[in-house]
Amino acid sequence: MVQTQNLTKKYGRTVAVNRLNLTVRQGSVFGLIGENGAGKTTTLSMLATLTVPSFGRAFVNGFEVCKHPHDVRMSIGYMPDSFGVYDDLTVTEYLYFYAECYGVKGALAKRRSADLLEWVDLQDQRGTYVNALSRGMQQRLELARCLMHDPQVLILDEPASGLDPRSRIELRRVLRRLRELGKTMIISSHILNELSEVSDEIGMMRGGELSAVAAVEALKDQIGAYRRLWVQATAKPELWQTVLAAEPQVLDYTLRLQGVELVFSGVLEEQAELLKRLIQAGIPVIHFGEQPTDIESLFLRLTERGRVTHDAR
Amino acid sequence: MMRGNPLLLKEFRQRMRTRRAPLVIMSYFISMALLTFLLLYENVQGQLTLLLPARGEQVFVTLGLLQMAVVVFLTPAFAAGAVSGERERRTLSVLLTTPLSPFTILMGKVLSSSALLLLLVIVTLPLYSLVFLFGAAVPQELLGVFGFQLVTVVLVAAMSVCWSTLALRSGWSTVLSYATVTWMVVITGLFGYGLQYAATRFPIDYFLLNWGEILLRLNPLWIEAGLAGAVPGNFGQDMFWFLGFYGVITVILWIFSVGRLRPQAYAFSSRLRRGDEKDFE
């Protein structure tokens, strides 16, 4: 449904996106994560026909973005990271305007706008001026606007940015429903936990490159297989290094002032054995316990170590 | 036109819904009405017994020139932020992902921004009919003056919208639009008239006369005065020069504006689509 082949964008000497190869299957939700400046917005902008790639090709719904931009535009609903709304237009007029831009008119536009407003829970705001809506409401209205022409692909750039927690929950609910409808979506965010709830796959961008792609289900499975342990003890760093290097199930560790934080791949019995060996090595353990593992830290850790994830396709 | 261009309908809704639109129209009409009555009072009082069309003609010319100057200088105020304003309000990127063609977008902006000005010109028609009563103009002159004003407004609006598309900020597009209007009205007028005046003092210098004529042909007030019958000359030809010159400039600006809105349109030329498109979005 969405495919890029060595997609590259340069601004002068700066390479914003470098040889990006990405495949998003029909009906799946792909989350694009990365820090600010990683190239997420430029990538989505190229897919939305706003920016012309310097090199490489991109296909959306079977149409190449450079050769058939009109067909691509008809196939996508695009929501930019920071968007504005038109003043002096009511919610309904706003939707009608965009519907007309896509050739959706008359009874169809009327029916679709009514359905979508109900769907994003804005049915009571039909006559309200768009600029009078709260940010969360505007965000939901934007989603409705994206869907007015019933596109096959949705490109959502940081849809949750600037929203309060309640609005984020509302937005996630809407995105989950979109997923159930079978829409192909590419969503960017810099918060992985947010994406993991709605995405099938997650790709990480760094310095304009797609550094890793992981299936969310696989990541969730890994959460059960990996534990984050906190060992509170005061010992010399050399001692920690000697003891932990000899433990094959310790995948990673970080020395702190009052102890060590480690990623452990063993079962509970092996965890008890580790504690025993630490004490035998002369480390005065004050506290030894498991910490909840979130998907974000796991993804970051695993992509750094090259486990569970596979290379960008 | 509006059925085929959703942007135009949307712009009309937005522009005419504000308090500014009726306020501008009302203020303009009142000012023009007061001026007309004052000019009529000064120039044609007592003509109920003795009709002097030449004096009425002066009123007609003064009103026409004044109206032309006002609408030409007002047009950039409505058109110079047409596209750059969309960018500043962060609505442009979404608009550009719709299948609307760049022509539709630019045309929608030109017509919507010149609509209020066209309305200003049209509401003053009853005032001109008063002048008409005193035999100040023949219908052809009246139609010529009004038609030329409408065409000039659309032309200035088109150039301003193009500047607004090419410049990244409304401030810059306003400066460029007013520079264009200043060239059209002030520079061509002052230099053209100045050179012609110099030519009367040094009649052998054909260069002065020629350039004076060329510059005045590019001045809307001069053409307007000619159409109103205030100055002698072949104004059909002059108007052709005027429309040709600014028409070509508008077409050039339009071509670059299309490239700015849709870089894919000129994908065959990497030079045209290069530049700061990142900033533009």
Side-chain angles (χ1 to χ4, degrees), chain A residues 9-12 14 16 41-42 44-54 64-90 93-94 96-105 109 129-131 142 145-146 148-149 151 155 157, chain B residues 2-21 81-82 84-105 108 112 258-281:
Chain A
K9 182 66 194 177
K10 291 179 182 177
Y11 294 107
T14 311
T41 297
T42 309
L44 298 188
S45 181
M46 283 190 279
L47 293 175
T49 73
L50 286 170
T51 305
V52 180
S54 308
E64 194 180 340
V65 290
C66 282
K67 288 186 179 166
H68 306 285
H70 183 268
D71 295 314
V72 171
R73 285 179 201 122
M74 289 300 284
S75 310
I76 61 164
Y78 173 67
M79 186 167 154
D81 56 343
S82 65
F83 64 86
V85 289
Y86 291 116
D87 299 343
D88 302 310
L89 284 186
T90 65
E93 286 166 351
Y94 187 74
Y96 282 177
F97 163 62
Y98 283 105
E100 269 195 66
C101 290
Y102 289 93
V104 179
K105 290 175 185 174
Y129 281 107
V130 178
N131 48 336
E142 276 298 291
R145 190 266 304 157
C146 286
M148 274 305 278
H149 58 295
I155 299 172
D157 195 359
Chain B
M2 273 203 283
R3 282 191 168 273
N5 194 335
L7 190 65
L8 190 59
L9 180 66
K10 190 235 18 150
E11 292 278 326
F12 277 165
R13 259 200 190 118
Q14 281 184 285
R15 282 175 191 267
M16 298 303 171
R17 212 168 247 178
T18 57
R19 283 182 190 166
R20 192 169 78 155
S84 52
E86 289 257 4
R87 182 184 161 271
E88 283 157 359
R89 287 191 299 273
R90 291 169 296 150
T91 51
L92 186 64
S93 57
V94 172
L95 186 67
L96 293 179
T97 53
T98 65
L100 291 182
S101 69
F103 180 83
T104 309
I105 294 173
S112 62
V258 168
R260 187 64 125 164
L261 288 177
R262 293 267 194 252
Q264 296 91 347
Y266 304 125
F268 57 86
S269 168
S270 57
R271 278 187 186 177
L272 276 175
R273 71 171 199 232
R274 208 172 51 188
D276 42 7
E277 66 188 50
K278 186 181 184 184
D279 296 332
F280 187 63
E281 287 148 20

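Proteins get letters first, then strands, A, B, ... in listed order; numbering begins at 1 in each. Everything numeric here is computed off the predicted structure, so don't read it as measured data.
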### Task
Tell me, for V72(A) versus chain B, whether the close heavy atoms (under 4.5 Å) come from the side chain, the backbone, both or neither.
neither
### Query
Which atoms of Y86(A) come close to chain B, meaning under 4.5 Å heavy atom to heavy atom: side chain ones, backbone ones, both, or neither?
both
Give, as side chain, backbone, both or neither, the part of [X] having an atom under 4.5 angstrom from any heavy atom of chain A.
{"X": "R15(B)", "value": "neither"}
{"X": "T104(B)", "value": "neither"}
{"X": "E86(B)", "value": "side chain"}

### Task
Side-chain contact test, heavy atoms from C-beta onward, threshold under 4.5 Å: evaluate it for L7(B) versus L95(B) and give yes or no.
yes
### Message
Walk me through whether Y98(A) and Y94(A) qualify under ring-ring contact (aromatic ring centres under 6.0 Å, His included).
### Response
CA-CA 7 Å; Y98(A) 283 105; Y94(A) 187 74; 5.2 Å; yes
Expected output: side-chain [X] to main-chain [Y] donor-acceptor under 3.5 Å:
{"X": "H149(A)", "Y": "I76(A)", "answer": "yes"}
{"X": "D157(A)", "Y": "M79(A)", "answer": "no"}
{"X": "K9(A)", "Y": "V52(A)", "answer": "yes"}

### Query
So which of M74(A), E93(A), K67(A), E142(A) has the largest heavy-atom pair count under 4.5 angstrom toward chain B?
E93(A)
### Task
Could you have a look at V65(A), L89(A), I155(A), T41(A) and say which one has the most heavy-atom pairs with chain B under 4.5 angstrom?
L89(A)
### Query
Between T18(B), T97(B), V94(B), which shows the greatest number of heavy-atom pairs under 4.5 Å with chain A?
T97(B)
### Query
Where do R73(A) and T49(A) come nearest, in terms of heavy atoms and distance?
NE-OG1, 2.9 Å
